[in-house]
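Naming: A, B, ... by sequence-line order, numbering from 1 per chain.
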Protein chains: 2
Amino acid sequence: MAVMPRISAVDRRAQLLDAAWRVLLAEGIGGATTRAICAEAGMPQGAFHYCFSSRDQLLTEVAAVMLPRELSAATQAISRGGTLVDTVHRTLLAYWELVEAEPRVHQVIYEITALALRDPALSTPTRARYAGDPTAVAAVLEQIAEVRGIVWDRQVPVLAAQIVAVLDGLTLQYLVGGDPGAAREALLACAQDVAGRGRRVRRVAPALVGAAR
Amino acid sequence: MAVMPRISAVDRRAQLLDAAWRVLLAEGIGGATTRAICAEAGMPQGAFHYCFSSRDQLLTEVAAVMLPRELSAATQAISRGGTLVDTVHRTLLAYWELVEAEPRVHQVIYEITALALRDPALSTPTRARYAGDPTAVAAVLEQIAEVRGIVWDRQVPVLAAQIVAVLDGLTLQYLVGGDPGAAREALLACAQDVAGRGRRVRRVAPALVGAAR
DNA sequence: GTCTATAGGAAGATAGAC
DNA sequence: GTCTATCTTCCTATAGAC
């Protein structure tokens, strides 16, 4: 067995956070023991508590870093072309492709969420995520409205809550059932429903104002 | 310490399943150890493996019994009065009231679901639930269509998947955020969307015309 | 057939060596 | 300041007593 080189605690922290994420993806929360994480990081288990005061603290930090990454890619996918349905649909799909590309990431998010409901230490980053997602989606909706010259005829936070719920629910269905086709159909249907709530307000041509209603 | 009375294995099984459910509700999956369950059932831990071959087996049986109970109450709430939106809304609310009344039950369902994604033994009852819910919802939709004399202008399985996703997602949001108001608003919005997919095909009796739509 | 003492292992954490 | 041998605890499961 090789002799352990002396490594600063801050470096070890980074290595452990990295290793923890890999273990979480591969083994889930149940498998993310301090021993497994240290093994993945190539260091003895005892080193763990030199960097983190507890397993809980590490999980909390992992959650704080990883949970917010989820939506960022999807919220940049707003495009101008096509119908309103297309625009909404493409935005939803941008998120969905993240789910299909990395289902494990979302699986871990659910595991962390479930754990956070029992463990006060984890609840802060989790609550932040569940408060942040609807807010981010609401921002996207506002952006779409701005770009397309429409208003939503439903309270935007309610619309956002609905969308987040559908995405979360479909993700869960997909993780359990593994049928991406069903999810994509539901996603299109959702896009149609959402687009159905858009009302034109910006003048395109005077003649259209009356027809738009 | 009291002497243990001799009890048949089948009776102990029932007691353990009962106790397991209570422990699951109170402590979650993580706290549902064989020891905790036996303590709750008032029997020594060693008795456990006389009735179940493993902790996994007990959890599987609990899941098989408990998961299907969830929707049954909600699917009996179809009423005829009011608009189509009202009918759909009341049906969704019937389910939602179960969530608000017993959030812990749904929390445990998510925990079992998350565990099942890692543990093949638990996947059977869980998959059954995730396949069964959309089917049950689809049946309710067919029933509503029949009662109201409409057809859905979207594939019923897709509509059902959407509804189940919204309910699952809102439940998760509610468990994390604890805001029933937000969920109820989103539920009403969902009911409006669903009702928007109903197309009248049968002429309703004159007396009902005023009340309908 | 019913029950229990005990094995056997893995977890998180720490005291103290270098 | 960096690292590791060891402690305590709590788990599931079994071998064998009644």
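In this structure, CG of A/D11 is placed 10 Å from P of D/dC3, rounded to the nearest angstrom. One can place CZ of A/R35 at 10 Å from C1' of C/dG9, the figure rounded to the nearest angstrom. One can place CG of B/L16 at 14 Å from P of D/dA13, the figure rounded to the nearest angstrom. Across the protein-nucleic acid pair, A/R13 atom CZ and D/dT2 atom P stand 13 Å apart, rounded to whole Å. The interatomic distance linking A/L58 (CG) with C/dA13 (C1') rounds to 15 Å, in whole Å. Look at CD on A/E27: it is 15 Å from C1' on C/dA10, rounded to the nearest Å. When rounded to the nearest whole Å, the span between CZ of A/R55 and P of C/dA13 equals 9 Å. Rounding to whole angstrom units, CZ of residue B/R12 and C1' of C/dG1 are separated by 12 Å.
Between B/W21 and the options B/L25, B/V23, B/L17, B/D18, a side-chain contact (heavy atoms from CB on, under 4.5 Å) holds for only B/L25.
Checked against C/dC3, D/dC3, C/dA13, the side chain of A/S54 finds its nearest nucleotide in C/dA13. Side-chain proximity of A/S8 to D/dC11, D/dT2, C/dC3: nearest is D/dT2. Nearest to the side chain of B/H49, among D/dA13, C/dG12, D/dC3, sits D/dA13. If you check C/dT2, C/dT14, D/dT14 against the side chain of B/Y50, the one that comes closest is C/dT2. Here the nucleotide nearest the side chain of A/A9, chosen from D/dC3, D/dT2, C/dC3, is D/dT2.
Using a 4.5 Å heavy-atom threshold, the side chains of A/R129 and A/I112 count as separate.
A donor and an acceptor atom, one from each side chain of B/D86 and B/T83, are located under 3.5 Å apart.
Within 3.5 Å, no donor on the side chain of B/Q45 pairs with an acceptor on the base of C/dA5, nor the reverse.
Between D/dC18 and B/R6, no contact under 4.0 Å exists linking OP1 or OP2 to a side-chain N or O.
Atom CD of A/E102 has 12 or fewer heavy atoms from other residues, nucleotides or ligands within 6.0 Å. Heavy atoms from other residues, nucleotides or ligands lying under 6.0 Å from CD of A/E100 number more than 12.
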